[in-house]
Every structure is written in C-alpha cells, then in structure tokens.
Amino acid sequence: MNTIKHDVVVIGGGPAGLAAAIAARKSGCKDVLLIERDKRLGGILNQCIHDGFGLHKFDEALTGPEYAQRFIDEFNSLGIDSMLSTIVLSVDGKRNLYVSSRKSLTRIEAGSVILSMGCRERTAGAISLPGTRPAGIYTAGAAQNFINLQNIMVGKKVVILGSGDIGMIMARRMTLEGAKVEAVFEILPYPSGLARNIQQCLNDYDIPLYLSTSVIEIHGKERVTGVTVAGTDKNFKPIPGTERHVPCDTILLSVGLIPENELTRGAGVQMEARTGGAGVDDTFMTGVPGIFSCGNVLHVHDLVDHVSDEASLVGEYAVRYLDGEIKPPESYIKIEPQQGVRYVLPQKVSGMRDFTLSLRVTTPSRDRAVWVKDGDRKVARKKMIRLHPAEMIRINIKKEKLQGAKVLEVSVE
Amino acid sequence: MRLYKKIENMEKQYDVCIIGAGVVGNAIARELSRYHIRVAVVEKESDVSMGTSSRNSGVIHSGIHYKPGTVRARLNVQGNAMMSHLCRELKVKIQYIGKLTVAQDEEDIQTLHSLKEQGEANGVPGLEILDAAQMQKIQPGVGGIKALLSPSTGIICPYGLAIGLAENAHANGVDFYLSHEVSHISANGHGFRVRTAAGADLSCSVLVNAAGLYSDRICRMLGITEYSIYPCRGEYLILDKRLQGSLNVLVYPAPRKGGAGLGIHLTNTVDGNILIGPSNEYVDEADDYACTAQIIELLKKEGHELLPWLSTSDFIRNFSGLRPKQMPPEVKGFKDFVIESRKDVPGFINLVGIESPGLTCSPAIALMVRDMVAERLPLREKSSFVAERPGRVGFFHELPPDEQAELVEQNHDYGEIVCRCEQITRKEVLDAIQNPLGVRTVAAIKYRSRAMMGRCQGGFCLPRIVEILQKDFGYRPEDYILNSAGSRLFAGSVR
C-alpha cells in the first residue's frame, strides 16, 4: 500500500471544506490536499438548485451550485490538490488516514486534519415512527437528490413531517413539479426552519403548516397509502380525539440533521452532546492536537454563508498549527450555556485572541438580549428583536474583554 | 420489470416441490439438491427469506429451553451442531458467542439448575453454572447472583443463511419460482399439481409444506383442517454500531413462571448492531408487520435501562417479525413442531408451527424431511453436487487495510464506497444486484450487500444505487421496486 504525506488534509469538498482549503492555501501552505467522496466538488450545494445562498457573503441571492462554483473557481485558480471520488475510511489520533478510491487504497500522514464532512438527515427509524415501512418514505434531502439530480419524481401526493428548511424547500419543489403537497406537520409549537422559507415555500403556495401536530402512524403495505396525524401536547404525546387520516402516497421527512462524526469518533475526539459535533476551542481545534473541525460536522448551521466564514478561519488555524503558532494555553476559559441557550460554540477559549461566539436559543422569544457574563461582569450583550432556535446567533468577542475570566456564562435575559 | 426470472415452459414436472422459501424451505431444497431428483421451490414473495426467516433475533440456540423428547429439543441440538460446518460451506457469518441466563434470586437459581439438567438431557454441550465473579469476568457490569453459561449459543445473519442455502440449492439445480403464490393444489394419489397465481403449473410426486405463517392455508388446500396458525408479533429496535462492544455475550433473564417467550433482551448481531426486543403480541393478519407506538416506547425504556449510555440518536430502525404459533392467544404457551409425512395424503410432507428455534433447527429439519422423501423416492447422490458457495465470508470493511488494498488492486469496484455508513463497496452492490436467483428488488440488494442498513438508512446510498441501476442496468423510474410489485419507489420522471 502506498503511503503519502501532506501538510494540511481537508476531509470533505462541500462549502466548509472548500473554504477551509482555500484559506489554508492563502495562509501560505503549499501542500494542501482536499479529499471528496463525490465525483465533483460542492457537496450538498449541488442538489440545492433553489436560490437564497450568499445573501450575507456576496449580497446576492445565488443558487447552491452558483454559490459553490465561486469557491470551486478560486480553489482551482489556486492550484490546490484534490482527490475526487475518494472516501476516507478512517482517521486516527496521530492523523493517519486510510483513503479509498477506484485506483487504490492509500495511507496518508497528515500534518493537520480539517474535518468538514457535513451532516446527514434524521430518518424514520431514528424517530421510531410507528406503523409500516412501505415504499414512499424519503428524507427530504434524498428526495431532493432524486428530483434535482436524477430527474425522478418520488411521488404525487405528499405529506411532509417536520418543518426543517429542506422539507419546506421540497414542499415548494414538489408543488412546482406537479405533486400535491397536502401539508407540513411539525411536532414543536414553532417551526424548525427559517421564517423566509415559511413565507416563500409554504405560504406562497398555500401549503398548510400544522404546528404541535405529528404523524403518529404510517399506513400501507406496499406503497404508502396515508398517515394518521394527531395534535401533540407539550410532552410531544398525541392528544386523544385529535387523530385524523391523511391519504398520501409519499412521506418526506425533515426532522433534523445529525453531524456526521463517525470519523471524528474514530480519531478519539471528545464529542459534545449539545451540538452532536466535536468539542473545540477558539481555534476550532478538537481535543486531539492537529485535528480541526468546521461546518455542519461541527454544528448544524442555518446559513451556508456562516459555514464559509467559519471554515476560512479554520483553514488559517490549521496552517498556523503546523507553523507551531498554536499551542494549547495553560488553562482555558470555559463557556457555558445557561438559561435559554441550547448550545454555545466554541465550548472553551484561550483568551489569547478575538473570537466569534456561535449559539442557538432553546425557544422563540422577542425583545430579549443575549448576555455573556464573567461572574457578574458583562463581557458582551446582543439585543435582539426576534430570537428563534432556527437561527444561529453570532457575537464577536474581543480578547481584551476576557482578561482574568475563568468561566463565561451565556444566557437569554 | 420482472420480479422473478422468467421460466419459459410454465408447465413443469418435478419430483419434489417445496412451498415456501424461508430458511426451512431453502434448507430442505439445498439438502435435496445433493440427489438425482428434480426440485422446485415455490414462493409467493419476490425474494427468499421475506417472512419470519429475516425478521428474528438471529440467535442460534443451544437447546436448554425445550423439554427432552420433543422434536424441537432434538432438532435444536442437532441443528446447532451442524451450523458451523454449514456456515463455512455457505460463507455465512456465525459466531458462537455463548449466552448467560442470569438469576436474580434463589428461585431463579433453581430455574438455572433445572435448565441445566434439561439441557444436559437434550445433549447440550458445555453447560456451566457460574457465580457472580465468573459471570462478571465474561460480561462486566451484568447484574445477578448466578448464571447458566451455554457456550454453544451463537449469533448468525438469519437472512444470510436463508439466502446462502437458496443460492447453493439453485447452483445445484433447484428451480426457484419467486413471486408465485400457490393458488391451487390437487392430489391424485400418485402426486400433486400445484398452480400459482402467476401462472405456473407444476406437478410433483412429493410436496413439502414449508409455508411458515401460511402453512395452515396450504394444509386447507389439501383438505387438512386440524391446524391453525396464530401470528404472534415481536417488535425490535436496531441500535447504532457505535455501541458495538457493549455486549460480549448474550444475556437473558432466567425465565419466570407466567412469562411469555424469552423476554425482551439485548441481542448482538453478527454485523455489529444490537437489537432490543422482541415483544410478544398476537395479531390478526399473517403480514401485519406494523410497529406500534406503545411497544416502541417500551423497548426504548428497556434499552435505556440495559444500556445506560444509550442516546436517542442510537436508535436507527424498528422492525417486527411474526411467530407462526399453533396456540391461540387465549391458551398461549408452546406446542411442539409438526413435521409429518401424511398417511391420508400420500407424498405430502407437512411442516407446521416452526417458530423459534426454527432457524437453529433448519439443517436438522432438512435431514428429517430428506428421510421422509427417501421413503417415497429413490435418492441417489449426485457426483456434481458442490457444497461450497463461491465468494467469501463477510464484507470488505471488515478486512485489514492491506487486504483491502489488495482487493482494490484486483478489482477497482472494491475501491468505490457506495454505502458510507456500512462502507459497502460498489463491487458488493454489483454482486447483490446480479444475485444468482435473479431477484431485482431494492430490498434484495439491501439484504445481500448490507447497503442501506446503516445509520442513515439509505439516505446517502439509495440515490447512488438508483444511479447504478439506471446507468449500468438500464432501469427506468418505474422499474424500481422495494420488495413487491405494488411497492414502486417512484412515480415517474420529472415532467
């Protein structure tokens, strides 16, 4: 078996991996390798043919492939190495990788590794939907692949479970292709996706969204024939007497995304239950020296623009690690989510550099502020008119504010 | 789109017809394929192993649970002993990992001793009563004061065995009529005429009923009315492979009086998942594989108790199977297997109520049926019989990197991973698509290659498999079916 060496190895050629590789190259590293399992770069953006990407970063509404192409063009013009149609089988804690392609199985010794594998969709099995398992049950993303990349219609009469963004986008897409989308059902009392998608994908097409309602049984032996839905109480249990039957031939699931961290775990990286991703510091380095993480494999983002920004930083840090400029501090300042905050990222910082704190709130609210405190001392405060779990909040924090701090507590007040 | 290989002349003569391509029917077919006779298997589903044979715990039982002298006890111990050699020949994964039956109190300890006695009377090898310390050594963390160790208990890929038997039988000349539901049987004293809804018309001198959940219906077609099957559903949850290694051995509670079945427990699978289940609940229909909210909740609760480090994302799928019980719900309990050569219908070999441990018993049942066939037909061994199934045991991802590298060099299709969760290669998917029985369903690819069985449940690889079928095999959108004619995956092309 062949063994090769590279300074920076990026796993995944989606928006995170592309931005990370570009930033690593621009930070002066000449030996960057990006590994992508698909035959083309761009990741999931390739099947996201709707627009709305890049509003923050480019001040333009691009389609997924257009957004990806801007990065692919830059990646190519910088002459960065890539291995396409190549999958990473394993990574260990010493940054040795086994990668497989049609040509060969290869061992790679990496100076630093950037994990940017993205996320996968939660399935019917994962949410243990009662009933049968006939044909016609798809995750929204798989249906998007069939329709947008393979020209295949998955069904004609559709029920969507979960109000995640991909589900809502597929509600519109299926409608435009002639399917009847009966409704979107969401078990939570508020939608899971972005407000703009509720307007542009559901309201504009008269597709009803039922909150605090869920599918409680799937019917059909061969192909889906319908679902039973019911209103749910605050413990997400069906309310007796509210059941009704909705005939359909297709169920699309948009019930959450799970960061795809099997390689990460294999490398012995400590995981964070709240994000489903690696625990990282303010350089996005995981607990294993030289292994970094960014994008949806680290925490699920709502906007690709933020993925690109985050990954650009990580590309730079991965190079500075090689240059010996990044060393773990003697002690970290911990960051802890408190009242009203579902998660924070990073979970610890050195205090030696400015950083952007990313967080999500637990429930929707209005006219509140996100506080970052060191004991009773205010470190940062962001006033917001509208807070929603679907929207990631980012707060820039200067290193000057961190002097002497031990623990930062983040809360909604 | 054909669900089954077309058989040109639909009026055919056989010596033996077997109804049902579950593990029992296939084991019989494979055993009979050693001899100079013409054998056919008739199956209503589009593939072999679509019923109880693929929907169970995948455990090779030792034989401690059955009363000495019963057919079930004898065949269990015999089948268990045959299984390791059979799996080597058929390239089927099996692991004799052993089982602890655990006692919590004095009464349970008495139960362990009587199980040991019973097992020894049945001929179960190696039984041993362990104290708590010995038990902890085998499975750290297991709660209990004593345990009965049965080292001959194993785990197996149940559909892997059923498919292996069928493919080997087919290679040795057995015809498989898949998607052929038996619609009519007539007996004329010398033999049988079996007709199917799909138009096959077969005659045979010996007819074997291995129809499992439908065995009572086959009996009734021949005027035999004394048997009834009561489907009893067991639901399971499948856990993520992340938890592989949590369990070194099977752990069951000591059976208590009044308890039904062997109770809900954890079972490792040969592929690295853990199963929680099965439940125990009678249903009306022999194809009611629905899972229910109440049982799912119960299984999750049990799972969290048995594996405290379980997280909600570790549940990757639920499924259910049906036990072909002979006892109605109001009676419950076990009745011995029926394996009989009918005097009133000469040539009819009738198998009824083959529930657990039918998987373990299957090769021994096949020998018993062979002897019954031999009373009606001269069985002369074929010199051309090949016992070995081609290929190798296990998957690409289970090999060490050096061997993987070598395989990729030899065949580049090994280098392309199609299913990322299970790391199943294009070569393995292509082999499954081109399976020897000619089954062209998506479920057939799943059961043979393990693609789509991982934590993303095909979210990643189903689109890739669809693309392979389109590009390499010319599939159109309407050609993709999950497992039966009415289970089309797609509604057509985008307009």
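Letters A, B, ... are given to chains in the order of the sequence lines, protein chains preceding strands, and every chain is numbered from 1.
Residue contact with chain B, scored on non-hydrogen atoms closer than 4.5 Å, involves the backbone of Leu176(A) exclusively. Heavy atoms of Lys157(A) lying under 4.5 Å from chain B are absent altogether. Heavy atoms of Arg265(A) lying under 4.5 Å from chain B belong exclusively to its side chain. Proximity to chain B (any heavy atom under 4.5 Å) is shown, for Ile147(A), by both the backbone and the side chain. Asn145(A) touches chain B through its side chain: at least one heavy atom from C-beta onward sits under 4.5 Å away, while N, CA, C and O do not. Of the atoms belonging to Gln423(B), it is side-chain heavy atoms, and not backbone ones, that fall under 4.5 Å from chain A. In this structure, chain A has no heavy atom under 4.5 Å from any part of Asn411(B). Only the side chain of Lys221(A) comes within contact range of chain B, with at least one heavy atom under 4.5 Å from a heavy atom of that chain.
By the 4.5 Å heavy-atom criterion applied to side chains, Gln150(A) and Phe490(B) are not counted as neighbours. Using a 4.5 Å cut-off on side-chain heavy atoms (C-beta onward), Arg464(B) and Asp38(A) make contact. Looking at heavy atoms from C-beta onward, Val494(B) lies out of side-chain contact with Phe146(A) at the 4.5 angstrom threshold. You'll find the side chain of Arg107(A) stays beyond 4.5 Å of the side chain of Pro401(B), heavy atoms only.
Remark: Gln457(B) CD to Ile137(A) CD1 distance equals 10.5 Å, nearest 0.5 Å. In this structure, the separation between CD1 on Ile417(B) and OG on Ser85(A) is 12.0 Å, given to the nearest 0.5 Å. Atoms CZ and CD, from Arg488(B) and Glu222(A) in turn, are 11.5 Å apart once rounded to the nearest 0.5 Å. The CD atom of Glu260(A) sits 6.0 Å away from the SG atom of Cys421(B) when rounded to the nearest 0.5 Å. For the atom pair OH (Tyr475(B)) and CD1 (Ile152(A)), the distance works out to 12.5 Å, reported to the nearest 0.5 Å. Taking OG of Ser484(B) as the reference point, atom CZ of Arg223(A) lies at 12.0 Å (rounded to 0.5 Å).
Salt bridge Arg455(B)/Glu262(A): present, at least one basic N to carboxylate O contact under 4.0 Å.
The candidate from Ser313(B), Gly492(B), Pro463(B), Ala405(B) with the greatest count of non-hydrogen atom pairs under 4.5 Å with chain A is Pro463(B). Per-residue heavy-atom pair counts under 4.5 Å with chain A were compared for Glu406(B), Lys241(B), Arg242(B), and the maximum is reached by Arg242(B). When the candidates Thr292(B), Val442(B), Asp413(B) are compared by the number of heavy-atom contacts under 4.5 Å with chain A, Asp413(B) comes out ahead.
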Step by step, work out the side-chain contact (heavy atoms from CB on, under 4.5 Å) result for Gln404(B) and Leu89(A).
CA-CA 11 Å; Gln404(B) 289 180 331; Leu89(A) 298 176; 3.7 Å; yes
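Distance alone, capped at 3.5 Å, places no donor-acceptor pair between the Arg317(B) side chain and the Ala126(A) backbone. Between the side chain of Ser100(A) and the main chain of Gly415(B), a donor-acceptor pair closer than 3.5 Å is present.
A pairwise comparison of heavy atoms in Ser104(A) and Val408(B) identifies CA-CG1, 3.6 Å as the closest pair. Residue Ser128(A) comes nearest to Leu237(B) through the heavy atom pair OG-CD2, 4.4 Å, listed as atom of the first residue, atom of the second, then distance. In terms of heavy-atom proximity, Pro134(A) sits nearest to Leu482(B) at C-CD2, 3.9 Å. Shortest non-hydrogen contact noted between Ala290(B) and Thr132(A) is CB-CG2, 3.9 Å. When every heavy atom of Gly459(B) is checked against every heavy atom of Ala142(A), the shortest pair comes out as O-CB, 4.1 Å. Residue Met1(A) comes nearest to Asp402(B) through the heavy atom pair CE-OD1, 3.2 Å, listed as atom of the first residue, atom of the second, then distance.
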